[in-house]
Amino acid sequence: MAATSAWLSPPSRTELIENLVSGVDRYNPSNVGILEDYLYHQIRSEEYDCLANLAILKLYQFNPDLFNPDVVINILLKALTAEPFPDFNLCISLLDDRPTNATLDEPDPLPTLLPLLTNLYNLLHQCRFSAFWTLYRSDELEVVRENYTVECAGFEDAIREVAARSVKATFTRISGERLGSYVDLSGSKLEAWVAKQRWALDPSTGVVSIPPNPDNQIESVVIQEHIKLPQLGKVISHSVQAK
């Protein structure tokens, strides 16, 4: 419930932004600049507001002349860090009718990058974290790293938190090497990251222990059904009538 509440109304959202997101002004194209500035505030400060970013994409749909591909790419990158929430797909759904007649000063990078960003999302969604980092570090995504995520404070750490959520929901013990491939860290950096998660790394075995939690503990559940005699009589009666 707390995560849902923060998603609907994050602490970083000001009263002005709340009015733009929740009121009729969300469809006023003159407010797009305010929402874009708020997006770049999110990028600089490691904050995130999906509904405000969706409002930008909706304004782009209604007003193709406002379309800014760099803004869209930044919105998609922020949405990646929200996995397993469906934020990325929500954003993609508003790009189906992406404007093609927008006046741009430079070539639109979105047609080239959108399939790659979608691949990144699919790898995260499938918990294929090692493959995610391989694609993210590839030459194909060099333009994303050099022009976008370099400006997005805490982006890589946020992706590591996505991996951490899956690991602690699945494992009680995992090798440090395997964990390192999931979070793209090794050596002292991995040790510091594990300590930050409050997990335990055994230096002699290289095994990381994850504390028990409701998701990584297997508990048997006994289901008991109580059927009263009158109810059983009705079942038998219906069976006889069916014959």
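Remember, it's a predicted structure, so these values are computed and weren't measured experimentally. Any value given below was found using the heavy atoms of this structure, including those in side chains, with hydrogens, waters and symmetry copies removed. Along the sequence shown, residues carry numbers from 1.
- Of all the heavy atoms in Ser93 and Gln61, the pair that sits closest is O-NE2, 4.4 Å.
- Taking CG of Leu20 as the reference point, atom CG of Leu59 lies at 9.0 Å (rounded to 0.5 Å).
- A donor-acceptor contact shorter than 3.5 Å is absent between the side chain of Asp25 and the backbone of Asn19.
- Once rounded to the nearest 0.5 Å, the distance linking CZ of Arg173 with CD1 of Ile210 reads 9.5 Å.
- With rounding to the nearest 0.5 angstrom, the OG atom of Ser166 is 9.0 Å from the CG atom of Leu124.
- Proximity of the aromatic rings of Tyr136 and Phe155 is defined here by a centroid distance below 6.0 angstrom, and this criterion is met.
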**Audit row: Glu156, Arg137, salt bridge (Lys or Arg N to Asp or Glu O under 4.0 Å) steps and yes/no** = CA-CA 11 Å; Glu156 294 180 6; Arg137 301 292 184 196; 3.2 Å; yes
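- In this structure, Glu18 places its CD atom where more than 12 heavy-atom neighbours from other residues, nucleotides or ligands lie under 6.0 Å away.
- The shortest side-chain heavy-atom distance between Leu114 and Ile92 falls under the 4.5 Å cut-off.
- The shortest non-hydrogen separation linking Pro211 to Arg198 is CG-O, 3.8 Å.
- Put simply, the side chain of Asn31 never gets that close to the backbone of Ile34: no donor and acceptor are under 3.5 Å apart.
- Side-chain N/O atoms of Tyr38 and Asn53 include no donor and acceptor closer than 3.5 Å.
- Across all non-hydrogen atoms, the minimal contact from Arg44 to Ala153 is O-CB, 3.5 Å.
- Between the CG atom in Leu66 and the CD atom in Glu36 there is a gap of 7.5 Å [rounded to 0.5 Å].
- For Glu15, the CD atom counts as loosely surrounded, since its 6.0 Å shell holds 12 or fewer non-hydrogen atoms of other residues, nucleotides or ligands.
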**Asked** Run the side chain to side chain contact (heavy atoms under 4.5 Å, CB included) check on Arg145 and Val150 step by step: do they pass?
**Response** CA-CA 6 Å; Arg145 297 192 306 273; Val150 69; over 6 Å; no
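- Using a distance-only test at 3.5 Å, with no hydrogens or angles considered, no donor-acceptor pair links the side chain of Asn63 to the main chain of Asp65.
- Distance alone, capped at 3.5 Å, is enough to place a donor-acceptor pair between the Ser181 side chain and the Arg178 backbone.
- Side chain of Glu191 to main chain of Leu201: no donor-acceptor pair is present (N/O by atom type, distance under 3.5 Å, no hydrogens or angles).
- Counting only heavy atoms from C-beta outward, the side chains of Tyr60 and Leu94 never approach each other to under 4.5 Å.
- In this structure, the side chains of Leu57 and Cys91 come closer than 4.5 Å at one or more pairs of heavy atoms.
- Placement of Val21 and Tyr48 in two distinct hydrophobic clusters is found when ILVMFWY residues are connected by side-chain heavy-atom separations under 4.5 Å, directly or transitively.
- Shown here is Glu140, whose CD atom has no more than 12 heavy atoms of other residues, nucleotides or ligands within 6.0 Å.
- Once rounded to the nearest 0.5 Å, the distance linking CG of Leu39 with CD1 of Ile56 reads 5.0 Å.
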**Request:** Let me see the working for Leu120 and Leu141 under side chain to side chain contact (heavy atoms under 4.5 Å, CB included), right down to the final yes or no.
**Result:** CA-CA 10 Å; Leu120 286 178; Leu141 283 171; 3.7 Å; yes
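- You'll find the side chain of Pro109 reaches within 4.5 Å of the side chain of Asp70, heavy atoms only.
- In this structure, Phe85 and Leu90 have side chains that are not in contact, with every pair of non-hydrogen atoms separated by 4.5 Å or more.
- Pairing each heavy atom of Ile17 with each of Ala52, the nearest pair is CG2-CB, 4.2 Å.
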**Message:** Go through it in stages, so that I can follow the logic: the residues are Phe88 and Leu80, the test is side chain to side chain contact (heavy atoms under 4.5 Å, CB included), and I'd like the CA-CA distance, side-chain angles, deciding distance and then a yes or no.
**Reply:** CA-CA 6 Å; Phe88 190 89; Leu80 282 178; 3.8 Å; yes
**Prompt:** Stepwise, does the side chain to side chain contact (heavy atoms under 4.5 Å, CB included) test hold for Thr81 with Asp87?
**Reply:** CA-CA 9 Å; Thr81 66; Asp87 298 30; over 6 Å; no
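- Without hydrogens or angle criteria, Thr170 side chain to Val167 main chain gives no donor-acceptor distance under 3.5 Å.
- For the residue pair Tyr148 and Asn74, no side-chain donor N or O sits within less than 3.5 Å of a side-chain acceptor on the partner.
- Atom-to-atom distance recorded for Glu47:CD and Arg13:CZ is 12.0 Å, nearest 0.5 angstrom.
- Phe132 is listed as a side-chain neighbour of Ile159, based on a closest heavy-atom distance under 4.5 Å.
- Considering only heavy atoms from C-beta on, Tyr27 comes within 4.5 Å of Lys58 through its side chain.
- Tyr182 and Phe171 have tilted rings, their planes meeting at an angle from 30° to 60° on a 0 to 90° scale.
- With a 4.5 Å cut-off on side-chain heavy atoms, Arg160 and Leu185 count as touching.
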